[in-house]
Amino acid sequence: MNPRAYAIMHREHHAFSDTEKDPHSPYFFKDVFQMMWRTAQSYKLYEKRLKEPDVQFKGNYPEWRLVDYWGSTHFSRILFACFYIAFYIFFATHWWMFLLLPIHFLMGPIQGAIVNWCGHKYGYANFNNGDQSKNTTPLDFFMLGELFQNNHHKRPNNANFAARWFEFDPVYPVMKFMHWIRMIKLREAYL
């Protein structure tokens with residue numbers, strides 16, 4: 001995904017969560033497919049720079065125009081699909097494993113649909129954030145912490161999406177280890 005376009009839409013989602021200005025709130029669409037179609041259309045406008053974001057959503061995101069352009073071409077997407085197919089040819093041990101290829105091809109949109117639809121419709125809330133964000137345990141584990149939407153909306157700058165004793169963000173220990181070996185630098189969370 002284009003980091004700039006993703007960052008702008010994520011900021012809009014937090015600022016306008018579950019209102020008509022939210023780029024992917026499940027409350028303004030009759031099904032998940034309509035929500036994701038609108039999300040894709042908004043994303044394309046920012047990706048192709050056909051729409052400029054409001055001033056408060058600009059800046060502090062990576063911009064690599066050549067990489068962003070290359071990553072947005074159909075050719076690069078076909079190349080990645082060929083890479084996945086080659087990986088399966090070399091490493092799949094049974095024919096039925098090739099049935100998983102469509103999931104790999106569509107992993108980003110599928111994950112986005114699950115997180116944005118389920119994370120604002122189903123589950124429980126630890127915090128009153130003024131929106132409909134929810135924590136969807138135990139499905140959260142399969143989304144690697146992303147379905148702790150209520151916690152994330154309360155503490156958007158915290159690398160650990162879990163907040164209560166029974167919640168577990170499986171990516172956070174990995175990030176802590178990467179921080180410990182100085183591969184990344186985690187900053188202090190602030191509200």
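Note: hydrogens, waters and symmetry copies are ignored here, and every other heavy atom, side chains too, is used.
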Check against side-chain contact (heavy atoms from CB on, under 4.5 Å), Trp117 and Tyr122: CA-CA 8 Å; Trp117 189 269; Tyr122 312 114; 3.5 Å; yes
Please give me the minimum heavy-atom distance between [X] and [Y], naming the atom from each residue.
| X | Y | value |
| --- | --- | --- |
| Phe148 | Phe168 | CE1-O, 3.5 Å |
| Gly145 | Pro170 | N-CD, 3.9 Å |
| Thr19 | Ser25 | O-CB, 4.3 Å |
| Ser72 | Arg77 | O-NH1, 3.5 Å |
| Tyr43 | Tyr6 | CE1-N, 4.2 Å |
| Asn150 | Asn126 | OD1-N, 2.8 Å |

Can you tell me how far the [atom1] atom of [X] sits from the [atom2] atom of [Y], to the nearest 0.5 Å?
| X | Y | atom1 | atom2 | value |
| --- | --- | --- | --- | --- |
| Phe127 | Lys154 | CZ | NZ | 6.5 Å |
| Ile8 | Gln56 | CD1 | CD | 11.0 Å |
| Met9 | Leu45 | CE | CG | 9.0 Å |
| Leu186 | Met175 | CG | CE | 5.0 Å |
| Asp54 | Arg11 | CG | CZ | 12.5 Å |
| Tyr84 | Ile103 | OH | CD1 | 12.0 Å |

If Ile, Leu, Val, Met, Phe, Trp and Tyr residues are connected whenever their side-chain heavy atoms lie under 4.5 Å apart, and connections chain through other members, are [X] and [Y] in the same group?
| X | Y | result |
| --- | --- | --- |
| Val171 | Ile184 | yes |
| Ile114 | Met36 | no |
| Leu99 | Met107 | no |
| Trp96 | Ile85 | yes |
| Val32 | Tyr27 | yes |

How about [X]: does its [atom1] atom have over 12 heavy atoms from other parts shown lying under 6.0 Å from it?
| X | atom1 | answer |
| --- | --- | --- |
| Phe142 | CZ | no |
| Phe83 | CZ | no |
| Phe177 | CZ | no |
| Trp70 | CH2 | yes |
| Lys58 | NZ | yes |
| Phe98 | CZ | yes |
| Gln41 | CD | yes |
| Phe75 | CZ | no |

Side-chain contact test, heavy atoms from C-beta onward, threshold under 4.5 Å: evaluate it for [X] versus [Y] and give yes or no.
| X | Y | value |
| --- | --- | --- |
| Val174 | Met178 | yes |
| Phe141 | Leu147 | no |
| Pro3 | Asp68 | yes |
| Asn151 | Arg164 | no |
| Gln149 | Thr136 | no |
| Glu146 | Phe161 | yes |
| Pro26 | Asp18 | yes |
| His120 | His153 | yes |

Derivation of the side-chain contact (heavy atoms from CB on, under 4.5 Å) call for Gln111 and Met143: CA-CA 7 Å; Gln111 190 264 0; Met143 291 290 111; 4.0 Å; yes
side-chain contact (heavy atoms from CB on, under 4.5 Å) evaluation trace for Phe28 with Met35: CA-CA 8 Å; Phe28 298 96; Met35 180 191 75; over 6 Å; no
ring-ring contact (aromatic ring centres under 6.0 Å, His included) between Tyr88 and His104, intermediate numbers included: CA-CA 11 Å; Tyr88 273 78; His104 282 106; 5.5 Å; yes
Short side-chain donor-acceptor distance under 3.5 Å, Thr137 and Asn135: no
Aromatic ring pairing His10/His14, orientation class (parallel under 30°, perpendicular over 60°, tilted between): tilted
Side-chain (Asp31) to main-chain (Phe33) donor-acceptor, under 3.5 angstrom: yes
His24 side chain vs Asn116 backbone, donor-acceptor pair below 3.5 Å: no
Verdict with supporting geometry, Arg4 and Arg49, side-chain contact (heavy atoms from CB on, under 4.5 Å): CA-CA 10 Å; Arg4 176 185 175 272; Arg49 295 179 181 266; 3.3 Å; yes
